[in-house]
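Right, one structure below, let's go through it.
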Amino acid sequence: MTGVGFRLLALTALLLMFAAGAGAQQQEVRPPIAQLWLDVATNVFVIPGAPAGMVPSGSNNAFGNTRFAMGRYLDIALQVRTRPQGIQGTQAIPPGMRMGPSLPLDPYKAPPPPPSTPGMPGDPSQAPPPKGRLLLYWGCSADVRSGQPRIIDFATATPQQWQSVFQGRYAPERGATAAPGHSIWPNDRDKQMLPAGNSLVGDHTVTGDGVPAGFKFPVGADQDLMPAIALSTQGNLQGSVLLQWRTIPTARAYFISAFANKGNDSIIWTSSELPDAGMALFDYLSNAAVERWLTDKVLLPAATAQCAVPRGIFAGTDGAPLRMIAYGQEANLVFPPRPADPKVVWEQQWTVRVRVKSTATSMLGP
C-alpha cells in the first residue's frame, strides 16, 4: 500500500470512529423529586490526663451542631423539588435510635437579619503593614525535618508564597444545610439529644407532601455514629509530643493540626507529608477526596495509630490548640437505579447522602 493509500485508509477509519461516537445515545437523566442529607458527627474535647474517648452528653440540640458542638449529633435536611417552600415531613427511624418512632422535618425558617452597624471610617491604604510571620511545619516526626519550617512574612508575602502553604484542598458543601426550601431536624418541634450508645443502623422511611411513595432506605454500620477519638499525648512542648489513639474501624483516614502564637509569629503544624496547612480539611470529605489525598499523603491512612509533633516547635508558647478528624465512609443512594439501556430515561425519584466524621479537640502544653 502506498503512503497516500495508507493515509486515506487511516482517515476513513477515524471518520467512522467519530461517526459512531456521534451516534451513541446519551441517556436522559431527570433530577430527583426528593433529596435527603444526613450529617453524622461525634465531637469530643480531650483533656490531657483525663480518660480519653468520653463523649459529653450535651444539653442543647440545634441544627448545625454536627459542625463544632461537643457531643454526638445528627443533622437532617430534606428538599422536595415540587415544594420550593419546604414541607412538614416525617422520617420514621429504626428502634435502635431510641428516639421514638419518627423525627419531624420542618421547613427551615431564616432568622431575622442582625441590626446594621455603621461602617468604621478610614483609609485602608493608611493601615500599617502587618507584622510577624507564619511558620509551617508538617509531617509526623520527632525532630524537625530538613527544609522546615516554610516561612511566610506577613508584610512581604506574595500570592505564590501564600499558595505554597494554603494549597486549596477543601470539600465544597454537599450535605445537610439549613436553607430556604429545606425541611430540617432538629427543629423547634423536636430538639431531643441523641441517647448515649444509640445507633442509626436500620431502615428509615421519609413521608410528606410531594415525597415519592416508598422512600425507604437503609443506614448501614459504616454510616453509623463513629466512636469518639480516644486521643492521648506524651511529652511536653520543649520536646516532641507523641500523639496516640485507638484506630476507629470505620475510619478511612485521619488528619491532625495544631496552632499557636509566639510573639508576632503564628506557628502551624499538620500531620500531612506535604506542606499544606489544611485549614479546610476539618470537614466532611467525599470518598473520592479521601482517596485522592491519601494518595498525596496529605491524610494519614486508616491503620495509623500514632503521630509525633516535632521537637520544640511550640516551645515558649502558652499552649497549642490541637484538632484531629477521622473521616467516615460516605454513602450515596439513588432510587431507582440507573437503567442499563441508555434509551430508557433515568427518572430519579429520590437520593440520600449520609456523611460521617469523628473529631477531637485538645491542647498541647503549656
Side-chain angles (χ1 to χ4, degrees), residues 35-46 51-78 89-105 175-176 183-187 189-207 214-231 245-254 283-287 290 302 324-333 335 350-360:
Q35 295 176 274
L36 187 75
W37 298 270
L38 282 76
D39 283 353
V40 185
T42 303
N43 304 321
V44 296
F45 185 81
V46 178
M54 299 295 291
V55 182
S57 59
S59 60
N60 181 28
N61 199 8
F63 190 94
N65 276 357
T66 55
R67 297 295 182 176
F68 306 111
M70 297 294 109
R72 303 163 78 247
Y73 293 103
L74 168 67
D75 286 337
I76 304 174
L78 170 70
T90 300
Q91 182 166 325
I93 57 177
M97 285 188 67
R98 307 207 310 271
M99 300 174 70
S102 63
L103 300 175
L105 307 177
S183 301
I184 63 172
W185 184 91
N187 50 52
R189 272 203 295 161
D190 190 337
K191 298 181 180 180
Q192 62 180 312
M193 299 295 299
L194 275 62
N198 76 332
S199 171
L200 310 183
V201 172
D203 288 336
H204 297 242
T205 303
V206 180
T207 55
F215 191 161
K216 184 177 182 179
F217 65 96
V219 170
D222 284 346
Q223 285 72 52
D224 201 3
L225 287 145
M226 299 176 72
I229 297 175
L231 177 67
W245 59 91
R246 291 194 297 269
T247 58
I248 297 176
T250 54
R252 305 185 70 241
Y254 304 98
D283 201 351
Y284 299 96
L285 296 182
S286 69
N287 295 336
V290 170
M324 179 175 180
I325 183 169
Y327 305 99
Q329 173 83 24
E330 181 181 291
N332 292 279
L333 309 175
F335 182 84
W350 52 260
T351 63
V352 177
R353 174 172 292 143
V354 188
R355 308 189 302 176
V356 194
K357 68 175 181 177
S358 182
T359 72

Between the CZ atom in Phe217 and the OG1 atom in Thr351, the distance rounded to the nearest 0.5 Å is 10.5 Å

To check you understand the geometry: which heavy-atom pair defines the closest contact between [X] and [Y], and what is its length?
| X | Y | result |
| --- | --- | --- |
| Leu194 | Trp185 | CD1-CH2, 4.0 Å |
| Asn287 | Gly328 | OD1-O, 4.3 Å |
| Phe63 | Ile76 | CE1-O, 3.3 Å |

Determine whether a donor-acceptor pair (N or O, by modelled atom type, separation under 3.5 Å) exists between the side chain of Tyr284 and the backbone of Val354.
no

Side chain Asp190, main chain Gln192, donor-acceptor under 3.5 Å:
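Flag set: sc Asp190 to bb Gln192 pair under 3.5 Å.
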
Do [X] and [Y] have side chains that get closer than 4.5 Å, going by heavy atoms?
| X | Y | result |
| --- | --- | --- |
| Lys357 | Asp39 | no |
| Val356 | Thr250 | no |
| Leu333 | Leu36 | no |

Using the side-chain hydrogen bond (donor to acceptor under 3.5 Å, both in side chains) criterion, which residues pair with [X]? Sequence neighbours excluded.
| X | answer |
| --- | --- |
| Asp283 | Arg67 |
| Gln329 | Arg252 |
| Asn332 | Glu330, Arg353 |

Using salt bridge (Lys or Arg N to Asp or Glu O under 4.0 Å) as the criterion, list what pairs up with Asp75, not counting sequence neighbours.
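Expected list: none.
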
Going by salt bridge (Lys or Arg N to Asp or Glu O under 4.0 Å), name the residues that satisfy it together with Asp224, two or more places apart in sequence or in a different chain.
none

Contacts of type ring-ring contact (aromatic ring centres under 6.0 Å, His included), residue Tyr254, not counting sequence neighbours:
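Tyr254 satisfies ring-ring contact (aromatic ring centres under 6.0 Å, His included) with Trp245 once adjacent residues are dropped.
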
ring-ring contact (aromatic ring centres under 6.0 Å, His included) against Phe335, all qualifying residues, sequence neighbours excluded:
Trp350

If the condition is side-chain contact (heavy atoms from CB on, under 4.5 Å), which residues does [X] pass it with, not counting sequence neighbours?
| X | value |
| --- | --- |
| Ser358 | Thr42, Met226, Ile229, Ile248, Ala326 |
| Ala253 | Val290, Leu294, Leu299, Tyr327 |
| Asn65 | Asn61, Ala62, Ala69, Tyr73 |

Scan the side chains in residues 89-105 for donor-acceptor partners under 3.5 Å anywhere in the protein, sequence neighbours excluded, and list what turns up.
{"residue": "Gln91", "atom": "NE2", "partner": "His204", "partner atom": "ND1", "Å": "3.2"}
{"residue": "Arg98", "atom": "NH2", "partner": "Ala196", "partner atom": "O", "Å": "2.8"}

